[in-house]
S.K.: 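The structure that follows is given in the form of structure tokens.
The chains referred to below are lettered A, B, ... by the order of the sequence lines, with proteins before strands, and numbering in each begins at 1.
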Number of protein chains: 2
Amino acid sequence: MFEATGPVLIEDEFLRDGLQNEKRLFSLDEKLGFLADLEAAGVTRIQLGSFVHPKWVPQMADTDELFTRITRTPGVTYSALVLNKAGLERALAVKVPHLSISVSASETHSRKNTNRSVDEGRAVIAPVIERALSEGVEVRAGIQSAFGCGFEGAIDPEVVIDIARQWSALGAQEINLADTAGLANPRQVYDLCQRVHDAVRPDCALSLHLHDTRGLGIANMVAGLQAGVRVFDTALGGLGGCPFIPKAAGNIATEDVAFALSEMGIKTGIDWRALKPAIARAEALLGRRLPGRMGHITQPGEPDTELGECA
Amino acid sequence: MFEATGPVLIEDEFLRDGLQNEKRLFSLDEKLGFLADLEAAGVTRIQLGSFVHPKWVPQMADTDELFTRITRTPGVTYSALVLNKAGLERALAVKVPHLSISVSASETHSRKNTNRSVDEGRAVIAPVIERALSEGVEVRAGIQSAFGCGFEGAIDPEVVIDIARQWSALGAQEINLADTAGLANPRQVYDLCQRVHDAVRPDCALSLHLHDTRGLGIANMVAGLQAGVRVFDTALGGLGGCPFIPKAAGNIATEDVAFALSEMGIKTGIDWRALKPAIARAEALLGRRLPGRMGHITQPGEPDTELGECA
């Protein structure tokens with residue numbers, strides 16, 4: 001049930017999924033500062049931004065320049081999100097070595113985001129994945145709204161599995177299932193991850209992108225772990241989430257996931273305590289408390305512990 | 001892994017673990033109002049208060065009177081917490097049909113709370129459990145700090161198992177393992193629940209009292225469910241928690257647990273949506289937002305939905 005497992009890889013998306021929903025535009029230097037903090041704490045895969053139209057997502061307009069400014073540390077994977085061919089060309093121009101490329105499994109979500117049906121989206125994205133792979137880029141091919149859709153409700157798992165099978169056949173190194181609106185539950189995560197795992201190449205990794213909207217983010221992560229998933233997307237401080245859900249929480253928090261896995265005896269290479277100053281800086285810049293827990297809590301025995309005991 | 005299970009029983013402790021940490025004293029009428037809301041939403045076991053010294057916990061000083069004021073609905077269990085013989089006599093005087101009676105598995109916690117060692121606590125509490133049972137009261141015998149201690153850190157599982165074995169031998173109908181400070185992780189919950197289950201009478205139920213301090217509350221609940229636990233303590237709005245952890249969250253929220261279980265196809269009998277007005281009233285009375293999620297979020301398709309979709 002909770003067997004000992006090998007290490008888990010965490011992809012931090014603070015700089016992309018986190019910042020893209022914020023009104024405040026972060027400067028390149030601020031982004032580079034957070035990148036340095038993440039690396040210093042041991043995060044080894046970091047999504048720096050997306051190559052989407054700056055008119056729609058101005059927070060990501062400097063992703064090209066960001067990639068030219070970074071110092072690439074051996075052992076760290078610098079990634080970005082791409083949603084069409086134009087974005088891929090921009091990513092290739094600045095030598096992004098790892099890309100997330102995805103479609104939505106929800107007809108409504110797909111039409112709202114891209115004005116395409118799911119099948120049209122697949123037809124457009126398949127050659128983008130192929131071209132990225134042919135250029136030697138590592139591709140993580142994604143499926144948004146894989147566990148449900150804020151507009152439609154339930155999503156047919158067969159659609160998700162069919163897309164995963166296609167992405168696997170194209171040669172993607174990893175399939176990412178995204179709970180875009182935070183609608184998944186642990187049983188569903190376990191079941192769908194197992195079914196997708198069975199449908200894709202044995203050497204194709206499976207990863208989960210989870211939002212904590214309903215407080216099930218960490219429970220869903222653990223269910224994914226039980227189903228054999230070893231790659232999870234997170235964001236420093238639990239930043240992120242949908243601009244259409246004003247009260248919702250964001251991505252599962254990097255520090256909380258690293259802490260939870262560490263408590264369960266699973267290595268991530270991340271020192272969650274080392275992320276605290278970065279979380280505090282993000283909160284100062286954004287002017288609000290972020291939803292992640294471990295940035296605000298210390299452990300028993302730590303010198304600055306706030307932890308007492310209850311009657 | 002996530003087999004279909006029978007129904008889960010939720011014990012709401014808003015009126016006890018929730019209110020005991022609040023500076024604001026709730027009136028009897030306010031308490032009766034929340035009790036009515038909980039019952040109307042389908043909560044069938046409710047902990048109304050504790051019989052402890054009013055000098056130490058003034059919020060619970062009217063527990064005796066509260067029990068004389070309630071209308072006992074068939075099918076609803078009205079419970080209270082007792083920590084010594086004097087408390088039991090008060091509970092018996094007002095005909096409390098179900099009691100939680102507990103000790104701590106942590107030497108330091110036990111000494112701070114009761115000025116007794118763990119063994120001294122066991123010696124004092126055992127006859128209290130026996131007398132309650134002999135009076136026909138249903139007893140849920142508890143073990144506080146079962147998963148760790150804010151003062152000591154790790155707690156030896158053998159101590160917990162040994163206390164559980166003793167409580168089971170005394171005839172307690174249920175053993176409650178309490179993560180008093182919110183230190184448990186899912187692997188630990190799964191393992192300890194299995195071991196305690198194996199150590200107690202087959203007809204002795206197992207229940208979990210979880211705090212969400214580190215964001216693992218729901219994940220721990222799911223792990224308990226996987227280990228066969230079918231009774232969970234919760235509090236409306238996620239109120240509760242330790243006065244010594246100013247930033248910590250409280251109990252796992254009744255509405256979040258009912259929602260999570262419902263999403264996983266497990267019946268609780270609770271309509272979590274029906275709890276929303278009570279959550280809003282608690283927040284108005286306390287002057288702050290409570291940590292529970294589902295009191296603030298609606299589901300896709302609901303007319304008042306705040307839920308959009310993310311890019």
S.K.: Of all of A:Gly215, A:Ala253, A:Ala227, which one pairs up most often with chain B through heavy atoms under 4.5 Å apart?
M.R.: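 Max contact count across the listed options: A:Gly215.
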S.K.: So, the side chain of B:Ser50 versus the backbone of B:Leu81: is there a donor-acceptor pair under 3.5 Å, distance only?
M.R.: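 Flag not set: sc B:Ser50 to bb B:Leu81 has no pair under 3.5 Å.
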S.K.: Determine whether B:Leu19 and B:Met60 satisfy the following criterion, side chain to side chain contact (heavy atoms under 4.5 Å, CB included), listing intermediate values before the conclusion.
M.R.: CA-CA 8 Å; B:Leu19 297 188; B:Met60 298 292 113; 4.1 Å; yes
S.K.: Report the option among A:Asp212, A:Val52, A:Ile252 that has the most heavy-atom pairs separated by less than 4.5 Å from atoms of chain B.
M.R.: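 Answer, by heavy-atom pair count under 4.5 Å with chain B: A:Asp212.
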S.K.: As a test of understanding, state which of B:Leu15, B:Leu275, B:Asn251 forms a side chain to side chain contact (heavy atoms under 4.5 Å, CB included) with B:Leu236.
M.R.: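 The single option meeting the side chain to side chain contact (heavy atoms under 4.5 Å, CB included) with B:Leu236 is B:Leu275.
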S.K.: Any idea which of A:Asn220, A:Val57, A:Leu216, A:Asp256 has the most non-hydrogen atom pairs under 4.5 angstrom with chain B?
M.R.: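 Counting heavy-atom pairs under 4.5 Å, the top option is A:Leu216.
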S.K.: Is it the backbone or the side chain of B:Arg293 that comes under 4.5 Å from a heavy atom of chain A, or both, or neither?
M.R.: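 Side chain only.
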S.K.: Considering only heavy atoms from C-beta outward, does the side chain of A:Gln188 approach that of A:Asp179 to under 4.5 Å?
M.R.: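 A side-chain contact is absent here, since even the closest heavy-atom pair is not under 4.5 Å.
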